[in-house]
Protein chains: 2
Amino acid sequence: MNTQKRSGVSISAVERDTGLGKDTLRVWERRYGFPTPHRDAIDERLYPPEQVEHLRLIKRLMDQGKRPGALLRLPVAELHAQLAQLRAEKNQTETEDWVLPLLKRHDVDQLRHELAQRLARDGLDRFVTETVPALNRLIGDAWMNGDIGIFEEHLYTEVVQNQLRSLIHGLANRGKRPHVLLTTVKDEEHLLGLLMAEALLAANGAWCLSLGAQTPLVDIAGAARGTTIDIVALSFSGAYTWRKARAALIELRQLLPEHTELWAGGEALVGRGKTIPGVRTLERHEDIGPALAQWRATHETHFVKMDATKQLGETLRRGKK
Amino acid sequence: MNTQKRSGVSISAVERDTGLGKDTLRVWERRYGFPTPHRDAIDERLYPPEQVEHLRLIKRLMDQGKRPGALLRLPVAELHAQLAQLRAEKNQTETEDWVLPLLKRHDVDQLRHELAQRLARDGLDRFVTETVPALNRLIGDAWMNGDIGIFEEHLYTEVVQNQLRSLIHGLANRGKRPHVLLTTVKDEEHLLGLLMAEALLAANGAWCLSLGAQTPLVDIAGAARGTTIDIVALSFSGAYTWRKARAALIELRQLLPEHTELWAGGEALVGRGKTIPGVRTLERHEDIGPALAQWRATHETHFVKMDATKQLGETLRRGKK
DNA sequence: GTCAATCTTTTGTCCTAGACAAATTGTAAA
DNA sequence: TTTACAATTTGTCTAGGACAAAAGATTGAC
């Protein structure tokens with residue numbers, strides 16, 4: 001009965017957990033000889049946990065720009081070494097080490113308190129552009145190393161999200177321009193990046209409208225069409241591939257009215273030098289402020305020029321909202 | 001070259017837009033003869049827009065419980081008729097008809113204002129148990145009816161969720177008992193029900209800890225094990241089937257420590273007379289208050305009497321279910 | 001030396017058609 | 001009415017092969 005009753009997870013579970021497509025997993029197995037899942041009674045792939053972990057490691061490095069062909073021949077130890085080196089290059093001596101003990105102790109109240117304190121001390125801008133990303137990396141690393149479980153990760157996400165939400169709540173810029181529509185596309189359920197963007201936009205005086213996660217493309221376009229939305233902003237986490245993000249952005253760009261700008265940010269987009277026509281890629285959080293300023297500059301002259309013409313009425317109507 | 005240069009979208013775009021998997025799309029084509037995408041130069045499927053629309057229609061009816069086999073043989077007109085009929089069956093005279101015009105006008109600020117006003121007028125309890133559910137039904141019907149799009153639905157959800165979150169934020173019951181862990185299981189991404197429950201629990205003096213959506217079962221159990229959690233509360237939306245919910249609850253019950261209670265609520269659970277051993281099913285929001293009171297009563301005596309006889313405590317625990 | 005154009009390798013996604021289990025529905029017996 | 005079993009429906013998995021888009025390497029012009 002238990003002759004090598006090795007357990008494992010299905011290919012769809014691995015796709016969900018690692019962000020690597022089913023096709024990709026199969027083709028890697030064929031080409032590189034890894035992963036090597038065993039099979040269940042009906043010959044379907046069963047990935048042992050350590051291989052899933054291995055795959056996650058590879059994905060992590062790919063997200064940093066490495067290419068799979070080389071990574072797949074390397075042993076786990078070497079992958080860890082590469083990650084360590086990357087971390088060293090970035091030379092981010094993480095000072096936020098207070099968070100892990102609190103998380104492990106499940107001390108939510110204290111966690112909330114500490115976050116609030118840091119927010120008050122550093123100000124919103126620095127909190128969102130530095131503190132939270134630093135914490136995210138810390139948590140990500142800790143999870144990868146097995147220091148914390150999914151429970152602690154959920155917990156952290158929930159607490160930070162709440163902090164950001166209440167922050168945003170106090171920043172409603174009724175009627176101010178530009179009007180920004182925020183959301184994520186299908187299969188992208190990470191809200192944290194979106195909330196961080198929303199906080200920064202709101203802090204810079206934009207009027208934000210968040211649709212939450214996973215709005216279908218046609219509906220985003222429909223929303224932009226019927227409303228006073230100036231900018232559509234999308235967030236892509238590291239779980240999303242650059243290819244997919246690119247495809248979605250190109251398609252959405254075609255669906256959107258020409259006067260609506262399309263901004264995109266998130267881990268999936270950093271590092272590529274490439275630009276997508278008609279899409280503004282914001283690689284770092286710090287870019288949001290300047291981008292907004294630039295939008296305002298462009299559209300101020302636009303408004304001025306229009307003053308002479310009959311479009312003034314429309315401008316006023318839109319501006320009032 | 002341009003003999004019928006009909007354009008269309010790729011199979012992955014259709015997957016993203018409709019929520020139907022690639023495999024499913026291909027197997028439908030094979031089995032039922034629909035959809036019938038034409039092919040591009042390299043023989044890949046290109047779906048014309050009207051077929052994508054047709055597919056979305058089918059998906060909508062499937063979400064209402066219809067099965068694909070029948071729907072795929074029906075013409076578009078008939079699908080529309082079915083949607084209309086479903087809407088007619090649900091025909092409830094709702095009094096909250098102020099919300100639809102606001103939504104259609106995308107007047108978010110006014111929507112927020114009206115909600116806040118109703119909350120102040122009716123009080124938290126009535127707001128959560130009556131107003132919000134009534135609005136939910138209204139929105140659901142309007143969506144099925146085609147009166148509003150997914151955009152408006154997201155918008156509504158987002159605004160109400162924000163309202164609830166800021167409400168909960170002001171109700172932190174540090175350290176009070178019971179400690180309730182709230183979350184949803186895998187494949188259940190609707191947060192609204194969870195937030196409504198959290199608001200009511202917090203209003204009744206419970207200390208709540210929300211993990212957001214889709215926590216794996218083992219991690220829920222792990223969380224309950226290492227902490228002071230008294231009750232694990234799960235929410236199942238109407239999109240979830242009763243069978244799946246039941247299976248998940250039974251499995252989770254086995255994973256949880258015996259002294260941790262398991263509560264479950266949501267549309268997926270109402271109407272069935274069935275009970276699940278070891279699980280407290282809360283069919284209506286109004287049940288939350290009494291359930292909490294009962295927990296407190298039991299555990300007060302429990303604490304007192306436990307000193308006398310160990311066995312009594314266990315008897316109480318078991319007898320309650 | 002720098003930049004652009006071209007060739008080569010890498011890599012992800014799509015293709016076909018068959019198979020099977022999980023979920024649902026239909027039917028018969030208790 | 002419920003319970004048990006059989007029939008259907010339905011989604012997801014399998015196999016290699018194929019090809020274009022992206023990335024890396026090489027060449028040529030200035």
Side-chain angles (χ1 to χ4, degrees), chain A residues 8-16 18-35 37-47 55 58-59 61-73 187 240-250 268-269 271-276, chain B residues 8-16 18-34 37-47 55 58-59 61-63 65-73 187 240-248 268 272-274:
Chain A
V9 291
S10 71
I11 194 170
S12 15
V14 177
E15 177 182 40
R16 178 165 38 72
T18 64
L20 300 163
K22 292 191 248 276
D23 279 320
T24 303
L25 288 167
R26 285 193 277 253
V27 92
W28 279 4
E29 192 179 330
R30 212 192 315 162
R31 284 187 190 147
Y32 312 110
F34 183 86
H38 42 270
R39 303 303 182 106
D40 66 4
I42 54 162
D43 219 39
E44 299 194 340
R45 289 172 176 79
L46 274 190
Y47 294 82
L55 287 168
I58 290 171
K59 180 63 172 16
L61 282 162
M62 283 173 60
D63 290 343
Q64 301 298 320
K66 305 274 180 184
R67 303 184 63 189
L71 297 174
L72 278 160
R73 294 166 219 276
D187 287 339
Y240 225 75
T241 54
W242 155 251
R243 288 170 95 99
K244 281 187 181 173
R246 197 184 114 105
L249 285 167
I250 290 175
L269 301 178
R272 328 263 159 186
K274 305 281 181 173
T275 62
I276 304 167
Chain B
V9 290
S10 71
I11 195 171
S12 13
V14 177
E15 178 182 40
R16 203 181 36 223
T18 62
L20 299 164
K22 292 192 247 276
D23 279 322
T24 305
L25 288 166
R26 285 193 276 254
V27 91
W28 279 6
E29 191 180 331
R30 210 193 316 164
R31 284 188 189 142
Y32 311 111
F34 183 86
H38 41 272
R39 303 302 182 104
D40 66 4
I42 54 162
D43 220 37
E44 300 194 337
R45 289 173 175 79
L46 275 188
Y47 294 82
L55 287 168
I58 289 171
K59 182 64 172 11
L61 281 162
M62 281 174 60
D63 288 342
K66 303 276 180 181
R67 304 185 63 189
L71 296 173
L72 278 160
R73 295 166 219 276
D187 289 338
Y240 225 76
T241 54
W242 186 74
R243 291 174 94 99
K244 279 188 183 175
R246 197 183 113 104
R272 326 262 158 185
K274 308 277 185 168

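So you know, we letter chains A, B, ... as the sequences are listed, proteins then strands, and number each from 1.
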Between D:dT10 (P) and B:Ile58 (CD1): distance, integer Å: 12 Å
Phosphate OP1/OP2 of D:dT12: any A:Lys22 side-chain N/O under 4.0 Å: no
Sugar-phosphate, base or nothing in reach of B:Arg45, heavy atoms under 4.0 Å: sugar-phosphate
Sugar-phosphate only, base, or nothing, as touched by A:Asp23 at under 4.0 Å among non-hydrogen atoms: base
Proximity to the side chain of B:Arg26 - top-ranked nucleotide from D:dT9, D:dA18, C:dC14: C:dC14
Working for side chain to side chain contact (heavy atoms under 4.5 Å, CB included), residues B:Ile58 and B:Trp28: CA-CA 12 Å; B:Ile58 289 171; B:Trp28 279 6; 4.2 Å; yes
Selection from D:dT12, D:dG24, C:dT16 that lies nearest to any side-chain heavy atom of A:Arg67: D:dG24
Evaluation steps, side chain to side chain contact (heavy atoms under 4.5 Å, CB included), between A:Val14 and A:Leu20: CA-CA 7 Å; A:Val14 177; A:Leu20 300 163; 5.9 Å; no
Proximal nucleotide (of D:dC19, D:dG11, D:dC13) relative to the B:Ile42 side chain: D:dC19
Rounded interatomic separation in angstrom, taking CD from A:Glu29 and C1' from C:dG12: 16 Å
Nucleotide D:dT12, atom P - distance to CD1 of B:Ile11 in whole Å: 13 Å
Gap between atoms NZ and P, on A:Lys66 and D:dA23 respectively (whole Å): 16 Å
Protein-nucleotide distance (B:Leu25, atom CG; C:dC15, atom C1'), rounded to Å: 14 Å
Min side-chain heavy-atom separation B:Pro37-B:Glu29 under 4.5 Å: yes
Closest to side chain of A:Trp28, choosing from D:dT12, C:dG12, C:dC15: C:dG12
Any B:Thr24 side-chain N or O less than 4.0 Å from OP1/OP2 of D:dT10: no
Donor-acceptor pair under 3.5 Å, A:Arg30 side chain vs D:dG16 base: yes
Pairwise 5' ranking along DNA chain D for A:Val27 and B:Arg73, keeping only the more 5' one: B:Arg73
Sugar-phosphate, base or nothing in reach of B:Ser12, heavy atoms under 4.0 Å: sugar-phosphate
D:dT9 phosphate, OP1 or OP2, under 4.0 Å from B:Tyr32 side-chain N/O: no
A:Arg31 (side chain) and D:dG16 (base): donor-acceptor pair under 3.5 Å: no
Residue A:Met62, side-chain atoms from C-beta onward, closest of C:dC14, D:dT10, C:dG12: C:dG12
Between P of C:dA19 and CZ of A:Arg39, the distance in whole Å: 17 Å
Side chain to side chain, A:Ile276 and A:Ile250, heavy atoms closer than 4.5 Å: yes
Nearest-angstrom distance from the residue atom CG of A:Leu71 to P of C:dT10: 14 Å
Main-chain N/O of A:Gly69 paired with A:Arg73 side-chain donor or acceptor, under 3.5 Å: yes
Minimum side-chain heavy-atom gap B:Arg26-B:Lys22 below 4.5 Å: yes
Gap between atoms CD and P, on B:Glu15 and C:dC14 respectively (whole Å): 8 Å
